[in-house]
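Note on naming: letters A, B, ... go to the chains in the order of the sequence lines (proteins, then strands), and numbering restarts at 1 for each one.
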Amino acid sequence: MKFSLREKRAKDFVCGFLVFLVLVAIFLTFAQPAQAIPAFARKYGLPCSACHITWPELNNFGQVFRDNGYQMMNDMDSPITRDASYFPASIRITPQWHRESANNQSIDVLPITETSGEKQGTVTQAGFDLSGMDMWFAGTLFNNVSFSVLPSSDPTAVFHFENAYVRFDNIKGNHWFNFKVGKYELDLPVSEKREWTLSGNGGFYYIYHFSPFNDANPFGGIGDNQTGIELTGHSANSYTRYAFSVVSSLDGGVGLAYGCTAVNTNCSSPAGRTFDYYGHFEQAFNVPNAGYMKVGAYAYYGFAPTFVESSGAGSTPLYGRGNKPFYRAGAEWLWYTNHWNLKGVFLHGYDNAFLANGVPSNTPTGLPAGLHAPSWNGGFLEAEYVISPQWVLLGRYELIRMSQQADPTPGLGSQSNLDAYTFASRWNPFMFSRAGLAIQAEYSYIRSADITNQGGAFGGTCFGAPPCHISSNSLFFATDFAF
Amino acid sequence: MKKNVITSLILWTFCLVVALPGVAFAQDEGAHVNGFTGNAQSGKELYRRFCVGCHGDEGNGEGNNAEWLDPRPRDFTTALFRWRSTPTGTLPTDEDLYNTVTRGIVGTLMPTWRPLTPQQRVDLVAYIKTFSPKWITQKAGTPITVPAEPAETIEGVLHGRELFDKMQCWKCHGPDGRGDGPSAPTLTDDKNLPIRPYNFHDGTRFRCGETNQDLYKIFMTGLDGTPMPSFADILQPNDAWDLVHFLRTLQPLVHSKSRELWLAYAGSHKDIKPIGAE
C-alpha cells in the first residue's frame with residue numbers, strides 16, 4: 001500500500017498527536033498534587049508540602065510553625081482538642097544502593113601481609129545498604145508547651161538520643177520569649193538535620209563539623225546537637241528571629257563526658273565544667289515579585305579541657321581542666337524565590353593553640369615554640385530548583401581553606417583544605433495523608449588535602465606525604481520514607 | 001517521516017503551552033489588595049502546595065483530608081463566604097478573602113497564612129476566584145460602613161442584653177452564650193452538615209477577627225451559608241453596638257469594660273430577669 005505525500009504528512013501529523021497524547025498522559029499521571037501528612041501534618045490535616053519545601057526541609061510556613069512550638073495558634077494545638085487516639089510518632093529510614101570511591105589510598109601490596117609494603121590505589125565499595133532509623137516523637141503537651149524525643153539508630157539498630165527536649169513558648173503571651181531545655185540542634189543558618197542530601201560524601205555540611213587534621217579539640221562542630229538551654233524569639237511571620245543557647249561543654253555527649261574523638265580516644269574522658277555559648281540572629285525581607293531574602297549572623301564560643309584531673313596514678317580520670325577557648329562565627333544569605341532557593345553560608349573557625357596541638361595548659365615550659373592556633377575559613381553555596389512540591393533539584397559547592405596551620409612544619413599550608421560538590425534530585429512520586437516517600441539520586445565529590453578521607457563510607461590513609469590529596473566520590477540511589 | 005512526527009509533536013506541545021493557560025484562567029478576574037495584584041497562575045502553584053489537601057483540586061472542599069475535618073473546608077465553587085465586609089448575598093471583597101487567608105480561622109484547622117508574603121496571599125485570592133463563574137458575572141458587594149463605636153455604658157449593655165433576649169439569639173447561642181441554646185442541635189449549614197453556634201465562654205477570638213468592629217460586621221452582614229442571618233434591616237447601628245457590648249460580657253476570658261460594668265451591676269441587682277424566661 002502506497003501513500004501520497006499529503007497522506008503521509010497527515011499520517012505523521014496524527015502520529016505526532018498520538019505521541020503527544022501519550023506524553024501528556026504520562027505527565028498528568030506523575031504530576032499529582034502533594035498531600036503528605038507525617039506526625040504533625042496528620043494532626044492538622046495539612047499536606048506535608050505546606051511546611052516543607054520538600055520534606056524534611058522547612059519553608060517559611062513550617063519555620064513559623066516550629067518557632068511557635070509546633071503550634072498553628074488557632075486554638076487547636078493542645079492535645080486535649082484532638083482525637084484521643086492521635087499519637088505523635090513518625091519513623092524514617094532509607095534503604096539505598098550506594099557506591100563510595102576514594103583514590104590515593106595506601107594499600108598492602110599483598111593483601112593481609114603487613115610486611116609486603118604499601119602501594120597506591122583506589123578503593124571502591126558498592127552495594128545495597130540501609131541507613132540508620134529515626135523514631136521521632138514530637139508534639140504539644142499543652143498550649144505553648146511542646147516536646148521532641150528522637151531516638152536514632154545506626155544501621156545496626158544501636159540507638160542514641162539525637163534530640164530530647166521540652167520547650168515553653170509565648171511566655172506571658174510574648175512570641176519574643178520562648179525557651180527549651182534538653183538536647184537539640186542549634187539554630188543554625190541552614191539546618192543540617194533537615195537537608196535532603198543523604199550520601200556518604202554529600203549528607204552533611206563539612207564546615208559544620210570541620211576540624212583541621214590532627215586538631216586535638218574534642219568539639220565535634222556546631223552541626224552536632226548540643227545539650228543545654230535555648231532562648232528564642234521571633235516576629236509573627238518569623239522574618240525576624242533570634243536564638244541564644246547556653247550548652248554544657250560536652251559536644252552533646254551524655255554522662256558529663258566528651259564522646260570519642262580521633263585524638264581523644266578515651267571515650268569516657270570527662271569534660272570540663274564549663275559552658276559554651278551560641279547565638280544566631282536573622283532578618284528576612286520581602287523581595288518584590290521574587291519571594292523573600294534572609295541575612296543573618298551566628299557565633300559559637302566554647303571551651304574544652306587540655307588535660308584531665310585524675311587519681312590512681314592517672315588510671316581514673318576525674319574531670320577536665322585547663323580549659324581553652326575556641327570559636328566558630330559566620331554569616332548567611334538565603335534567598336527563596338518561587339522556584340529557586342539560593343543559600344550562602346560563611347564560617348570562620350579558630351582553636352586555641354594549646355587545644356589544637358594537644359598541649360596541656362599546665363605544661364611547665366608552656367607552649368612549644370612554633371606551634372600556632374589554627375584558623376580557617378569556609379562556606380557553601382547551594383542552589384535548589386523547586387520544580388514542584390514533589391520534585392526538587394539541588395547543586396552545592398563547599399570549600400574550606402586553612403588560613404593558619406597549628407603545625408609549623410613547612411609545606412603544610414594547604415593541609416586540610418577541602419572542596420566538595422554535590423548534585424541531587426529528590427522526587428516524591430506521591431504524598432498522601434500519612435506518609436512520605438522520596439526517591440533520591442545523588443552524586444557527591446570531594447577533594448581534600450588530608451591524611452584520611454573526610455567523607456564517604458570509609459576512611460583510608462592517604463598514600464603520600466602530607467598534605468596528601470584524596471579525591472572521593474559517592475553515588476547514591478535511595479528510597480527515603482517517613483510514616 | 002520521523003522529522004514530520006517531531007514537527008507535529010512540537011506543534012501540539014506549543015498549542016498546549018500557549019492555549020491551556022488561556023483556557024484555565026480565562027475567568028481570572030485577578031485580585032487587588034493593598035497595591036498588590038494577584039496572579040492566578042502563581043496562586044495555583046501555591047494552592048497545590050498549601051491548600052489542596054483540604055480544599056481539593058477542584059476547590060470544592062473535598063480534599064484528601066476533608067472527611068476528617070470539622071468544620072469541613074470551604075467549598076470555593078459556591079462562592080459563598082462567611083467572613084465578609086459586604087452585605088449578605090453578595091460576594092466578598094478581595095480584601096475580605098485576603099484577611100481570611102492572613103488571619104486563618106481560629107478554632108478550626110485553617111491556620112494563619114501570614115508566613116506567606118503579601119504577594120503570595122493575593123495570588124492565592126486570585127486563584128480562589130477562578131473556582132466559581134460568579135466572579136465573572138457578579139461584582140463584589142460594597143463594604144458596609146462601620147460607624148464609630150460609642151462609649152461602653154451599663155445602659156448600653158442592658159439594652160444589648162434586652163435585644164439578645166428579644167431577637168432570640170439565645171435560642172442558638174444559649175442564655176449564657178455557651179452555644180447550647182435549644183435550637184443548637186438542629187442547625188445545619190448550606191451543605192446540610194451540622195454546625196455549632198459560637199461559644200462565647202470558651203473563645204477569646206472570633207473566627208472573623210477579634211475586635212468589636214469584627215463582631216459588629218457579623219450582625220450586619222450575616223454569615224452566608226450558615227443559619228446566622230444579617231440583622232442589617234432590623235438593627236440600628238446603636239443597637240448593634242449595644243449588642244456587641246453585651247456579648248463581651250459573655251466572654252470571661254476576655255478583659256473588657258462592658259464585662260466589668262455588667263459584673264458590678266449584676267452584683268448589686270439580684271432581681272435580673274433571666275434570658276429566655278417566658
Legend entry - From N237(A) atom CG to T117(B) atom OG1, the distance as rounded to the nearest 0.5 Å: 10.0 Å
Legend entry - Within-4.5 Å side-chain heavy-atom neighbours: N60(A) and Q120(B): no
Inset, instruction - Heavy-atom pairs under 4.5 Å with chain A are the metric here; pick the option from T108(B), T112(B), L116(B), I105(B) that has the most. - result: T108(B)
Legend entry - Interface residues of residues 62-70 of chain A facing chain B - non-hydrogen atoms under 4.5 Å apart: V64(A)
Inset, instruction - For residues A50(A) and W113(B), report the shortest heavy-atom separation together with the two atoms involved. - result: CB-CH2, 4.3 Å
Legend entry - Exam field: side chain R49(B) to backbone H52(A), donor-acceptor pair closer than 3.5 Å: yes
Legend entry - Per-residue contacts, residues 193-202 of chain B versus chain A, heavy atoms under 4.5 Å: none
Legend entry - Pairwise salt bridge (charged side-chain N to carboxylate O under 4.0 Å, His left out) hits with a residue in residues 105-123 of chain B, at least two apart: none
Legend entry - Contacting moiety of R205(B), where chain A heavy atoms sit under 4.5 Å: side chain
Inset, instruction - If a pair satisfies salt bridge (charged side-chain N to carboxylate O under 4.0 Å, His left out) and one of its residues is in residues 382-391 of chain A, list it, with sequence neighbours excluded. - result: K343(A)-E382(A), K343(A)-E384(A), E382(A)-R396(A)
Inset, instruction - Specify the closest pair of heavy atoms between P111(B) and F61(A), including all atoms of both residues, with the distance to one decimal. - result: CG-CZ, 3.7 Å
Legend entry - Minimum heavy-atom distance between N286(A) and P118(B), given as atom pair plus value: ND2-CD, 3.4 Å
Inset, instruction - Evaluate whether atom CD of Q283(A) has more than 12 neighbouring non-hydrogen atoms of other residues, nucleotides or ligands under 6.0 angstrom away. - result: yes
Legend entry - Neighbour count >12 (heavy atoms, 6.0 Å) for atom CZ, F142(A): no
Legend entry - Side chain / backbone / both / neither for H234(A) at chain B, heavy atoms under 4.5 Å: neither
Legend entry - Atom group of V287(A) that falls short of 4.5 Å from chain B, counting heavy atoms: neither
Inset, instruction - Answer yes or no: does atom CH2 of W335(A) have more than 12 heavy-atom neighbours from other residues, nucleotides or ligands under 6.0 Å? - result: no
